[in-house]
Amino acid sequence: QVQLVESGGGLVQAGGSLRLSCAASGRTFSSYHMGWFRQAPGKERECVAGISRSGSRLFYADSVKGRFTISRDNAKNTVYLQMNSLIPEDTAVYYCALDSGLSLVVTPKQYEYWGQGTQVTVSS
């Protein structure tokens, strides 16, 4: 059984920064691709960033490129999402997820395990 626990969400003013963390337990963390997703009210869940097992391959949604940075520390079984220059449109519940597939993907249904989510609210 895998457990993913996110932390670091909160309320921030536009232009501010937050760093999300996702700690994994129960599996060999370095064997899995990791993704950060978000879901705003009334919208579909979308992948904002993904990182391959070794960290050599990265994905960013166009809406966050240049502002968000995904990273992982396999020794700590943790994946991070550094979010800078936040805008109100970034407001959502953010989830981390784990995928054991062959390649890094961005489709939510491909991910096998999910955290409980952490709320990020950006005020204007």
Side-chain angles (χ1 to χ4, degrees):
Q1 186 71 18
V2 176
Q3 285 189 326
L4 300 174
V5 179
E6 301 101 336
S7 61
L11 173 65
V12 63
Q13 288 188 334
S17 299
L18 285 174
R19 188 193 195 203
L20 305 184
S21 299
C22 172
S25 61
R27 289 287 180 93
T28 305
F29 181 73
S30 60
S31 298
Y32 301 95
H33 307 303
M34 298 297 297
W36 281 101
F37 294 78
R38 69 185 180 188
Q39 189 165 20
K43 294 188 176 182
E44 294 186 353
R45 190 170 296 190
E46 62 169 343
C47 184
V48 296
I51 187 166
S52 60
R53 298 179 181 88
S54 65
S56 61
R57 293 189 63 195
L58 304 176
F59 165 82
Y60 293 101
D62 287 343
S63 58
V64 307
K65 280 181 182 176
R67 302 189 297 120
F68 290 11
T69 302
I70 188 172
S71 61
R72 66 189 297 164
D73 185 337
N74 287 342
K76 295 183 178 180
N77 286 5
T78 302
V79 62
Y80 305 97
L81 186 67
Q82 178 67 43
M83 305 186 295
N84 298 329
S85 302
L86 285 161
I87 59 178
E89 290 76 14
D90 294 321
T91 295
V93 177
Y94 283 72
Y95 301 88
C96 68
L98 177 151
D99 172 35
S100 63
L102 293 177
S103 302
L104 180 63
V105 296
V106 301
T107 307
K109 66 180 181 181
Q110 298 290 102
Y111 283 74
E112 299 156 62
Y113 295 96
W114 293 81
Q116 82 287 353
T118 186
Q119 177 71 46
V120 171
T121 302
V122 184
S123 63
S124 57

Visitor: Please check this pair: side chain of Thr118 against backbone of Gly9, looking for a donor-acceptor N/O pair closer than 3.5 Å.
Guide: yes
Visitor: Would you compute the distance between atom SG of Cys96 and atom CG of Leu20 and round it to the nearest 0.5 angstrom?
Guide: 9.0 Å
Visitor: Is there a side-chain contact between Lys76 and Phe29 in this structure, where contact means two heavy atoms from C-beta onward sitting under 4.5 Å apart?
Guide: no
Visitor: Rounded to the nearest 0.5 Å, how far does OG1 of Thr121 lie from CG of Asp90?
Guide: 11.0 Å
Visitor: Out of curiosity, Ile87 CD1 to Ser123 OG, how far, rounded to the nearest 0.5 Å?
Guide: 13.0 Å
Visitor: Nearest 0.5 Å, what's the CD-OG distance between Gln82 and Ser17?
Guide: 6.0 Å
Visitor: Answer yes if Val93 and Met83 sit in the same cluster of Ile, Leu, Val, Met, Phe, Trp and Tyr residues linked by side chain heavy atoms under 4.5 Å apart, and no otherwise.
Guide: no
Visitor: Would a hydrophobic clustering, with Ile, Leu, Val, Met, Phe, Trp and Tyr connected at side-chain separations under 4.5 Å, put Val106 with Trp114?
Guide: yes
Visitor: Is there a chain of hydrophobic side chains (I, L, V, M, F, W, Y, each step under 4.5 Å between heavy atoms) that links Val120 to Val5?
Guide: no
Visitor: Hey, could you give me the CG/CZ distance between Leu104 and Arg57, rounded to the nearest 0.5 Å?
Guide: 6.0 Å
Visitor: Looking at Gln116, is its backbone amide N or carbonyl O close enough to the side chain of Glu6 to form a donor-acceptor pair, meaning the two atoms are under 3.5 Å apart?
Guide: yes
Visitor: Decide whether Ser54 and Ser56 meet the rule of one side-chain donor and one side-chain acceptor closer than 3.5 Å.
Guide: yes
Visitor: Using a 3.5 Å distance criterion without hydrogens, assess whether the side chain of Asp73 forms a donor-acceptor pair with backbone atoms of Tyr80.
Guide: no
Visitor: Under 3.5 Å, is there a donor-acceptor pair between the side chain of Glu112 and the main chain of Ser100?
Guide: yes
Visitor: Do side-chain atoms of Arg53 reach the backbone of Ser31 as a donor and acceptor pair under 3.5 angstrom?
Guide: yes
Visitor: Would you check if the distance from the ring center of Trp36 to the ring center of Phe68 is below 6.0 Å?
Guide: no
Visitor: Quick one: does Gln13's side chain get under 4.5 Å of Leu86's, heavy atoms only?
Guide: no
Visitor: Measuring centre to centre across the rings, with the benzene-like ring taken for any Trp, is Tyr32 within less than 6.0 Å of Tyr113?
Guide: no
Visitor: I need the Leu81 CG to Ser21 OG distance, nearest 0.5 Å.
Guide: 9.5 Å
Visitor: For Tyr111 and Phe37, take the angle between the two ring planes, folded into 0 to 90°, and tell me which bin it lands in: parallel under 30, tilted 30 to 60, perpendicular over 60.
Guide: perpendicular
Visitor: Taking Gly101's backbone N and O only, do any of them form a donor-acceptor pair with His33's side chain (distance below 3.5 Å, no angle check)?
Guide: yes
Visitor: Donor-acceptor pair, Thr91 side chain versus Val122 backbone, under 3.5 Å?
Guide: yes
Visitor: So which pairs with a foot in residues 9-21 pass salt bridge (charged side-chain N to carboxylate O under 4.0 Å, His left out), sequence neighbours left out?
Guide: none
Visitor: For Tyr95, is the NZ or CZ atom of Arg38 found under 6.0 angstrom from the centre of its six-membered ring and inside 45 degrees of the ring axis?
Guide: no
Visitor: State, to 0.1 Å, how close Ser30 and Asn74 come at their nearest heavy-atom pair, and which atoms those are.
Guide: CB-ND2, 3.5 Å
Visitor: Please check this pair: side chain of Ser63 against backbone of Ala61, looking for a donor-acceptor N/O pair closer than 3.5 Å.
Guide: no
Visitor: Would you name the heavy atoms of Ala92 and Ala40 that are closest together and state the gap between them?
Guide: CB-N, 3.8 Å
Visitor: Just wondering, do Val105 and Phe59 contact through their side chains at under 4.5 Å, heavy atoms?
Guide: no
